[in-house]
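Below: one structure, written as structure tokens.
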Amino acid sequence: MGIFSKMFSALKKTKDKISQKLSGLFSRNKIDDEFYEELEDVLISSDISVRTSMDIVEDLRDKVKKDKITDNDGVVAALKEILIDNIERAEELEIQTPAVIMVIGVNGVGKTTTIGKLAHYFSENKKSVTIAAADTFRAAASDQLTVWANRANVKIVKSSEGSDPSAVVFDAISSAKARKTDYLIIDTAGRLHVKANLMEELKKMARIVEREYPEAHFYKFIVLDATTGQNAVNQVDVFNQAVGIDGIVLTKLDGTAKGGFVISMCSELEIPVVYVGTGEKLEDIDVFDAEQFVSGIL
């Protein structure tokens, strides 16, 4: 199954929710003030923020008037273009190697699974990978990550439960540099974004990467559970203020109708979605594409 069909499949619930409402809206066959008001309601109910929904409708109103669009197909095409523009306000991230990717996020979003999928994806693209099991807080976290590392057939650096996470990062950097590894992926403990001490631990690990491996390209990815919808935006904002976020990985997109939040998140925070989890299997991860995403929800 190709990337395009995977993305479409993952977005089915979101598409069903939005398309059903839009079809009722377009059945009126009249583009007037009431149409725009109802369209704004549809966008908001699809987990696009109020601010972004209002901007989208205003942009659409201007485009329809400027281009003298009178038919439904033309309006849909214009709406798609505007949605893509909103997503692309977050500049696309080009990952360069050697790369260090620190994976962060709150508990239960699927970080361990995501790391396994990323390791497999990079490995399948003929790149060498090392995983650093720096979540030494959660019981059996390194054991679970080891299972994923074995499935992806990549190296893992770990220590005993309760060890200093920064020490694990230090050891993993030493290994990655010695082996000339393309990608070093650092797992971190799932944390509530309100826990100051855990946020400080993230900052410490980031400082070690910057100090010990300055020649590497350092990226901080936050993993978000798409089923949380607009609430995920707050997580990104807080983590971004603490350590700086370079990219977003979405999980569980196939299990939600709230995929619309991606549009307002990218538009307002200007942080790109880089990868999307599209299922349960090791290979179920795709590079995010704005055009495919919008086509998948409209």
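Since we're looking at a predicted model, the values are computed, not measured. Both backbone and side-chain heavy atoms feed into the values below; hydrogens, waters and symmetry mates do not.
- Every residue meeting the side-chain hydrogen bond (donor to acceptor under 3.5 Å, both in side chains) condition with Q230, not counting sequence neighbours, appears here in chain and number order: S264.
- In this structure, V273 and M265 have side chains that are in contact, with non-hydrogen atoms separated by less than 4.5 Å.
- Side-chain contact between D71 and I31 is absent, with no heavy atoms from C-beta onward closer than 4.5 Å.
- Counting heavy-atom neighbours within 6.0 Å of R179 CZ, excluding the residue itself, gives a total of 12 or less.
- Ring geometry for H217 against Y219 counts as parallel: the plane angle stays under 30°, on a 0 to 90° scale with 60° as the upper cut.
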Under 3.5 Å, which donor-acceptor pairs do the side chains of residues 48-57 form with other protein atoms, sequence neighbours left out?
unit_1, atom_1, unit_2, atom_2, d
S49, OG, T52, N, 3.2
S49, OG, T52, OG1, 3.2
S49, OG, E268, OE2, 2.4
T52, OG1, E268, OE2, 2.5
S53, OG, I48, O, 3.4
S53, OG, S49, O, 2.8

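- L93 CG to F221 CZ: the interatomic distance, rounded to the nearest 0.5 Å, is 5.5 Å.
- Contact check for V262 versus F288: side-chain heavy atoms found under the 4.5 Å cut-off.
- When side chains are defined from C-beta on, K204 does not count as touching V169, because their heavy atoms never get closer than 4.5 Å.
- A single hydrophobic cluster is seen to contain both V294 and V276, as judged by linkage of ILVMFWY side chains at heavy-atom distances under 4.5 Å, directly or through other members.
- Residues I82 and D59 share a closest heavy-atom pair of CD1-C, 3.7 Å.
- Pairing each heavy atom of A172 with each of L184, the nearest pair is CB-CD1, 3.9 Å.
- Heavy-atom contacts from other residues, nucleotides or ligands closer than 6.0 Å to CD of E210 number more than 12.
- In this structure a side-chain-to-backbone donor-acceptor pair under 3.5 Å is present from K220 to V243.
- Checking each of T97, V100, T130 against T181 for a side chain to side chain contact (heavy atoms under 4.5 Å, CB included) leaves exactly one that passes, namely T130.
- With hydrogens and angles ignored, the 3.5 Å screen pairs a side-chain donor or acceptor of D164 with a backbone N or O of S166.
- Taking CG of N86 as the start and CD of E270 as the end, the distance is 10.5 Å to the nearest 0.5 Å.
- No salt bridge links D62 with K66; every basic N to acidic carboxylate O contact stays at or beyond 4.0 Å.
- A salt bridge is defined here as a Lys NZ or Arg NE, NH1 or NH2 lying under 4.0 Å from an Asp or Glu carboxylate O, and D33 with R61 meets this definition.
- The closest side-chain donor-acceptor pair between T251 and D225, if any, does not fall under 3.5 angstrom.
- Considering every non-hydrogen atom in both A133 and V168, the closest pair reads O-CG1, 3.6 Å.
- V64 has its side chain within reach of Y36: a pair of non-hydrogen atoms, C-beta onward, lies under 4.5 Å apart.
- Look at D85 and K63 and you find no salt bridge, because none of the NZ, NE, NH1 or NH2 atoms lies under 4.0 Å from a carboxylate O.
- Here the side chain of D47 pairs no donor or acceptor atom with the backbone of G260 at under 3.5 angstrom.
- Atom CG of L39 sits about 11.5 Å away from atom NZ of K21, to the nearest 0.5 Å.
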One pair to check against side-chain contact (heavy atoms from CB on, under 4.5 Å): V76 and L22. What are the steps and the verdict?
CA-CA 9 Å; V76 171; L22 283 179; over 6 Å; no
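- K180 places no side-chain N or O within donor-acceptor distance of the main-chain N or O of S128, the cut-off being under 3.5 Å.
- Here the closest non-hydrogen pair linking L60 and V75 is CD1-O, 3.9 Å.
- Rounded to the nearest 0.5 Å, atoms CD (E34) and CG (D32) are 6.0 Å apart.
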Starting from the C-alpha separation in whole Å, work towards a yes-or-no answer on side-chain contact (heavy atoms from CB on, under 4.5 Å) for I245 and I104.
CA-CA 9 Å; I245 299 298; I104 65 179; 3.4 Å; yes
Would you mind writing out the side-chain donor-acceptor pairs for residues 140-153 within the sub-3.5 Å range, not counting sequence neighbours?
unit_1, atom_1, unit_2, atom_2, d
Q144, OE1, R138, NH1, 2.9
Q144, OE1, R138, NH2, 3.2
T146, OG1, S142, O, 2.7
T146, OG1, K158, NZ, 2.9
N150, ND2, T146, O, 3.3

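- D135 CG to I115 CD1: the interatomic distance, rounded to the nearest 0.5 Å, is 8.5 Å.
- Tracing side-chain contacts under 4.5 Å through hydrophobic residues (I, L, V, M, F, W, Y), one never reaches L282 starting from V287; they form parts of separate clusters.
- Within the 4.5 Å cutoff, the side chain of L269 has no heavy atoms near those of the I248 side chain.
- Annotation: side chain of F122 is not in contact with side chain of V154 (no heavy-atom distance under 4.5 Å).
- Both the sub-6.0 Å distance and the 45° axial angle are not jointly satisfied by K117 relative to the ring of Y121.
- Using modelled atom types, no side-chain atom of D284 and backbone atom of T278 make a donor-acceptor pair closer than 3.5 Å.
- Here K203 pairs with E200 in a salt bridge; the nearest charged N to carboxylate O distance falls below 4.0 Å.
- Inter-residue side-chain proximity for V109 and T228 is flagged as unmet; no heavy-atom pair is nearer than 4.5 Å.
- Looking at every heavy atom in both residues, A99 comes nearest to I95 through CB-CG2, 4.0 Å.
- Considering every non-hydrogen atom in both I131 and A119, the closest pair reads CD1-CB, 4.0 Å.
- We find the CG-CE distance between D246 and M102 to be 9.5 Å, quoted to the nearest 0.5 Å.
- There is no path of hydrophobic side-chain contacts, each under 4.5 Å, that joins I44 to I297.
- Transitive grouping of hydrophobic side chains (ILVMFWY, heavy atoms separated by less than 4.5 Å) brings L202 and V106 into a common cluster.
- One hydrophobic cluster, built from ILVMFWY side chains closer than 4.5 Å, holds both L25 and L83.
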Hey, mind stepping through T188 and K111 against side-chain contact (heavy atoms from CB on, under 4.5 Å) and telling me if it holds?
CA-CA 9 Å; T188 63; K111 286 199 313 304; 4.1 Å; yes
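- Judged purely by atom type and a 3.5 angstrom limit, S267 has no side-chain atom pairing as donor or acceptor with the backbone of I263.
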